[in-house]
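Reading through the structure tokens given below for one structure.
Atoms within a ligand are numbered from 1 in the order they appear, just like the ligands themselves.
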Amino acid sequence: MSDAPAQPGLYDAMSTLRAVRKLRPDPIPDDVLERVLQAACWAPTGGNTQPWRVIVATDPDVKQGLADIYAPEWAKYVGGFMKMMEGLPPEQLAPWERVAAAGDYLADHLHEAPAILVFCANPKMMAITDAKLDRVSVVGGGSIYPAVQNAMLACVAEGLGCTLTTLHCLREDEVKTLLGIPDGWATAALVPIGYPVGNGHGPITRQPPAQLAYRNTFGTAWS
Ligand SMILES: Cc1cc2nc3c(=O)[nH]c(=O)nc-3n(C[C@H](O)[C@H](O)[C@H](O)COP(=O)(O)O)c2cc1C
């Protein structure tokens with residue numbers, strides 16, 4: 001009999017992958033990190049070019065540098081967000097206040113996360129089929145975010161909490177200098193991971209297929 005905790009099935013992992021923003025500082029063993037990174041490497045990418053890299057930040061100074069960049073951007077973001085929510089009745093406001101408080105905690109404690117995964121992407125290595133359209137391009141992200149999601153699903157399997165964050169992109173130049181990211185590379189996600197303070201991953205609130213899926217033509221009810 002193995003002593004390893006039972007791992008959730010794939011559907012369990014997908015349906016409990018919520019943002020876990022309160023992380024313990026306890027270190028993550030390298031073999032666990034290696035499995036999380038391997039999961040990222042299994043993700044599909046356009047033309048199988050794997051145009052992404054991930055930096056695993058574990059050094060206290062590097063993590064502090066990332067926290068110093070992230071925290072003020074979170075403060076600005078959450079300030080604006082909560083202003084938008086002003087006037088909501090208390091029962092509708094309460095969940096947002098909980099998210100804001102958890103986000104404040106993450107911003108205040110980011111440097112204590114045992115590992116911060118910084119996903120980088122190189123657009124020159126991608127065939128971005130919507131690059132010339134008169135709208136914001138999204139296809140390039142398809143060669144990076146599946147890797148991020150795979151890593152996060154692996155975190156669920158390993159009992160690790162995590163949250164996909166992107167606010168650092170607002171100050172990407174500083175992040176690149178801090179981490180020595182070369183010209184031509186962008187940053188796509190900053191994912192703090194660690195063993196959770198509380199229950200960790202759990203129930204999520206998402207719209208169902210009846211709201212998001214259509215049959216044959218846009219807007220035609222799926223079911
Ligand atoms: C593209 C993207 C960017 C995000 N950026 C941040 C971020 O900068 N900071 C943060 O605390 N959460 C961030 N999140 C987490 C979302 O806020 C979270 O997944 C969403 O509110 C749903 O919450 P839940 O996963 O706990 O159900 C981001 C998620 C995505 C997919």
Sort and list the pairs that fulfil side chain to side chain donor-acceptor pair (under 3.5 Å) and have at least one residue in residues 74-84, not counting sequence neighbours.
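For residues 74-84, and leaving out neighbouring residues, the side chain to side chain donor-acceptor pair (under 3.5 Å) pairs sorted by first residue read E73-K76, W74-D104.
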
Between T45 and Q50 (side chain of the first, backbone of the second, donor and acceptor by atom type, cut-off under 3.5 Å), is there such a pair?
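Such a contact is found between T45 side chain and Q50 backbone.
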
Cationic N near anionic O, under 4.0 Å, D59 to K63
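Looking at K63 together with D59, the answer is no, because their closest N to O distance does not fall below 4.0 Å.
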
Enumerate the salt bridge (charged side-chain N to carboxylate O under 4.0 Å, His left out) contacts for residues 142-156, please, sequence neighbours excluded, ordered by first and then second residue.
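Pairs touching residues 142-156 that pass the test: none.
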
How does the hydrophobic cluster around V136 look, that is, which other residues are in it when side-chain heavy atoms under 4.5 Å mark a link?
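Listed partners: none, V136 stands alone.
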
Looking at N199, I'd like to know if its CG atom is crowded, meaning that more than 12 non-hydrogen atoms belonging to other residues, nucleotides or ligands lie closer than 6.0 Å.
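No.
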
For a quick check: using heavy atoms under 4.0 Å, what are the residues in contact with ligand 1, sorted by chain and number?
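Lining ligand 1: R18, A19, R21, Y70, W74, T163, L164, T165, T166, L167, R206.
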
